[in-house]
There are 2 protein chains.
Amino acid sequence: MKEGPDIARLAALIGDPARANMLTALMSGKALTASELAAEAGVTLQTASAHLAKLDQGGLLRQRKQGRHKYFTLAGSEVAAVLEALMGLAAGAGHLRSRTGPRDPELRKARVCYNHLAGDLGIRLYDSLVARGFLTLGEAGLDLSEAGRSFMQRFDLDLADLATRRSPLCRECLDWSERRSHLAGSLGRALLGRFEDLGWARRVEGTRIVRFSPKGEAAFRRRFPLSGQGG
Amino acid sequence: MKEGPDIARLAALIGDPARANMLTALMSGKALTASELAAEAGVTLQTASAHLAKLDQGGLLRQRKQGRHKYFTLAGSEVAAVLEALMGLAAGAGHLRSRTGPRDPELRKARVCYNHLAGDLGIRLYDSLVARGFLTLGEAGLDLSEAGRSFMQRFDLDLADLATRRSPLCRECLDWSERRSHLAGSLGRALLGRFEDLGWARRVEGTRIVRFSPKGEAAFRRRFPLSGQGG
DNA sequence: CCCATAGTTCGATGCTAAACGAAGCATGAA
DNA sequence: TTCATGCTTCGTTTAGCATCGAACTATGGG
């Protein structure tokens with residue numbers, strides 16, 4: 001009866017606490033099983049199964065069967081974008097559900113957003129690439145320049161392989177704690193993977209935190225300097 | 001019990017069809033009365049009143065009393081950002097609630113997003129300003145350059161006045177039909193107002209459409225050219 | 001084959017919230 | 001004051017849906 005996309009359906013889907021917890025857990029970018037998601041949400045497996053079916057039917061999740069496990073991931077970066085926007089609004093409105101715990105600074109510093117690096121260091125990565133002309137914000141959105149391509153190849157990323165993915169190579173993503181852009185897309189994902197391969201950083205089990213080793217962080221800051229200061 | 005902002009609360013607030021309709025109506029940027037919003041949502045005034053109280057308490061709306069009317073607007077651009085993200089997801093997932101009517105192309109060409117110009121022409125505006133170096137995407141987010149300031153002053157915008165607003169001068173906003181950035185913030189709002197003052201465009205009552213006159217559109221395209229082509 | 005684990009389906013229960021009629025305030029006009 | 005309009009509050013009805021126990025299916029291992 002009204003024009004426009006059906007917002008209410010999707011929002012109601014996210015609006016249940018159990019489902020919201022599941023989606024938040026999936027923001028880590030990892031594929032989780034139904035049991036793990038049930039635990040995250042604090043409900044029994046039967047209840048979780050019903051919720052997951054709804055989320056799947058609503059197009060928010062993608063599922064993949066492997067043996068007797070069923071792995072779920074977010075359906076795409078657009079879903080992650082909605083969740084980030086909601087988190088930003090909730091954080092801004094002061095609706096934090098719990099006191100900011102001791103591990104909050106870690107979250108603020110470096111965390112995984114869907115599948116790429118966010119937080120202070122994620123912003124630094126983005127800013128550095130933009131400042132040096134490796135990323136350009138042209139008419140067609142964010143793009144990797146010629147100089148950026150050779151930089152990434154020197155960093156041992158296989159751009160040809162990334163180009164075959166369905167998701168765009170570069171995408172901006174707005175950070176909820178900092179309200180700043182950082183790099184998403186398959187390039188953002190690949191960079192995070194490379195940081196892990198290099199031993200610079202690793203994800204902390206069960207959280208969205210990305211913990212850099214002291215040496216890793218130093219190397220990161222050297223490799224991705226900001227124009228003005230040393231960091 | 002879980003870390004992170006309370007997404008579910010906000011999503012549930014948006015997840016009711018009546019409330020979603022109200023919020024969608026408010027995306028026009030206009031202030032609407034409780035009665036108007038009741039009509040938009042297709043519910044009685046009592047029901048609407050209850051919904052509006054919840055939305056207000058949830059921090060999604062701002063209200064202002066004037067005589068015996070009560071005017072509602074969205075609480076801020078962050079709320080609009082969430083709604084746009086949801087619309088983008090819904091549109092992408094094919095969950096359009098009605099067939100794309102004849103006035104859809106008009107929406108796609110130029111529409112109001114919260115309070116600024118979106119659609120093809122909104123993207124053109126943004127791209128043109130960026131290409132000419134008037135807007136720069138620096139470390140601190142989107143910014144108006146020196147050249148941009150003098151351009152805006154020649155366009156009869158009072159930047160000193162805009163600087164006094166609480167909302168940031170420039171902000172990126174992602175478009176749901178085009179998936180491209182366009183200009184939000186108080187500058188985006190002021191520009192749209194200027195287009196209307198100049199008689200280039202006017203909003204179509206009761207919709208989000210911004211209709212440019214032929215002469216107005218020509219002037220707009222002349223004033224905001226794209227680098228390569230004439231457009 | 002038997003058992004354990006992972007997930008689904010079904011049915012019953014109970015809670016929440018949306019909806020509206022009716023009455024109550026408040027504001028403005030005559 | 002009296003009336004009309006705009007909105008709120010109250011109380012009731014109704015409907016949807018989240019939750020879980022219990023039973024069922026499927027996969028893998030010994």
Side-chain angles (χ1 to χ4, degrees), chain A residues 1-2 6-26 30-73 95 97 206, chain B residues 1-2 6-26 30-73 95 97 206:
Chain A
M1 53 181 65
K2 304 281 314 167
D6 188 358
I7 280 186
R9 218 182 87 104
L10 289 172
L13 224 43
I14 306 174
D16 176 82
R19 288 194 292 260
N21 280 337
M22 293 175 173
L23 292 171
T24 305
L26 288 172
K30 288 195 299 189
L32 299 176
T33 67
S35 311
E36 289 170 324
L37 289 168
E40 282 287 339
V43 294
T44 62
L45 189 52
Q46 310 93 294
T47 308
S49 181
H51 284 310
L52 289 169
K54 287 188 185 183
L55 287 173
D56 178 56
Q57 193 188 344
L60 297 185
L61 295 185
R62 193 140 296 161
Q63 46 181 273
R64 174 166 43 106
K65 259 182 108 163
Q66 222 164 85
R68 50 181 168 183
H69 294 273
K70 204 163 179 180
Y71 288 94
F72 294 87
T73 54
H95 288 308
R97 193 159 31 172
Chain B
M1 50 184 67
K2 302 281 315 165
D6 188 358
I7 279 186
R9 218 184 86 102
L10 289 171
L13 225 42
I14 305 174
D16 177 81
R19 288 195 292 262
N21 281 336
M22 292 176 174
L23 291 171
T24 305
L26 287 171
K30 289 195 300 189
L32 298 177
T33 66
S35 312
E36 289 169 325
L37 288 168
E40 281 288 337
V43 295
T44 62
L45 191 51
Q46 309 94 290
T47 307
S49 180
H51 283 308
L52 289 169
K54 288 188 184 179
L55 287 173
D56 177 58
Q57 192 189 344
L60 297 185
L61 294 185
R62 193 138 296 159
Q63 47 181 273
R64 174 166 44 105
K65 257 183 112 164
Q66 225 166 79
R68 51 182 165 177
H69 294 272
K70 203 163 178 181
Y71 288 94
F72 295 86
T73 54
H95 288 309
R97 196 159 30 174

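Below, chain A is the first sequence line, B the second, and so on; all start at residue 1.
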Quiz item: Is there a side-chain contact between A/I14 and A/R19, using heavy atoms and a 4.5 Å cut-off?
Solution: no
Self-check item: Interatomic distance, B/N21 CG vs C/dA18 C1' [rounded to whole Å]
Solution: 14 Å
Quiz item: Among D/dC7, C/dA18, C/dC20, which is the nearest nucleotide to the side chain of B/R19?
Solution: C/dA18
Quiz item: Taking NE2 from A/H69 and P from D/dG28, how many angstroms apart are they, rounded to a whole number?
Solution: 9 Å
Practice problem: Let me know the distance between CD1 of B/I14 and C1' of C/dA17, rounded to the nearest Å. | Solution: 18 Å
Practice problem: Would you mind reading off the distance between B/Q57 atom CD and D/dT8 atom C1', rounded to a whole angstrom? | Solution: 15 Å
Quiz prompt | Selected nucleotide, minimal atom distance to B/K54 side chain, candidates D/dC20, C/dA17, D/dG6 | solution = C/dA17
Quiz item: Out of B/L26, B/L60, B/L37, which residue meets the side-chain contact (heavy atoms from CB on, under 4.5 Å) rule with B/L55?
Solution: B/L60
Quiz item: Under 3.5 Å, is there a donor-acceptor pair between the A/E40 and A/N21 side chains?
Solution: no
Exercise. Identify which nucleotide among C/dT8, D/dA18, D/dC7 has an atom closest to any side-chain atom of A/D16, counting heavy atoms from C-beta outward.
Key: D/dA18
Practice problem: Mind calculating the distance between NZ (A/K65) and P (D/dG28) to the nearest angstrom? | Solution: 9 Å
Quiz item: Which whole-number value in Å describes the distance from B/K70 NZ to C/dT27 P?
Solution: 11 Å
Practice problem: Report the end-to-end axis angle of the helix from C/dC1-D/dG30 to C/dA30-D/dT1; each axis comes from five terminal pairs, and the value is rounded to 10°. | Solution: 20°
Quiz item: Side chain of A/Q46, base of D/dG21: donor and acceptor closer than 3.5 Å?
Solution: yes
Quiz item: B/L45 CG to C/dA19 C1': how many Å, rounded?
Solution: 13 Å
Quiz item: Which listed nucleotide (C/dA19, D/dT19, D/dT9) is nearest to the side chain of A/T47?
Solution: D/dT19
Self-check item: 5' priority, DNA chain D, between A/A18 and A/Q66 [closest heavy atom]
Solution: A/A18
Quiz item: Taking CG from A/D56 and P from C/dG7, how many angstroms apart are they, rounded to a whole number?
Solution: 14 Å
Quiz item: Side chains of A/T33 and A/E36: donor-acceptor distance under 3.5 Å anywhere?
Solution: yes
Self-check item: Closest listed nucleotide, where the reference is the side chain of B/S35 and the choices are D/dC7, D/dG6, D/dT27
Solution: D/dC7
Exercise. By nearest nucleotide on DNA chain C, pick out whichever of A/R68 and A/A48 is the more 5' one.
Key: A/R68
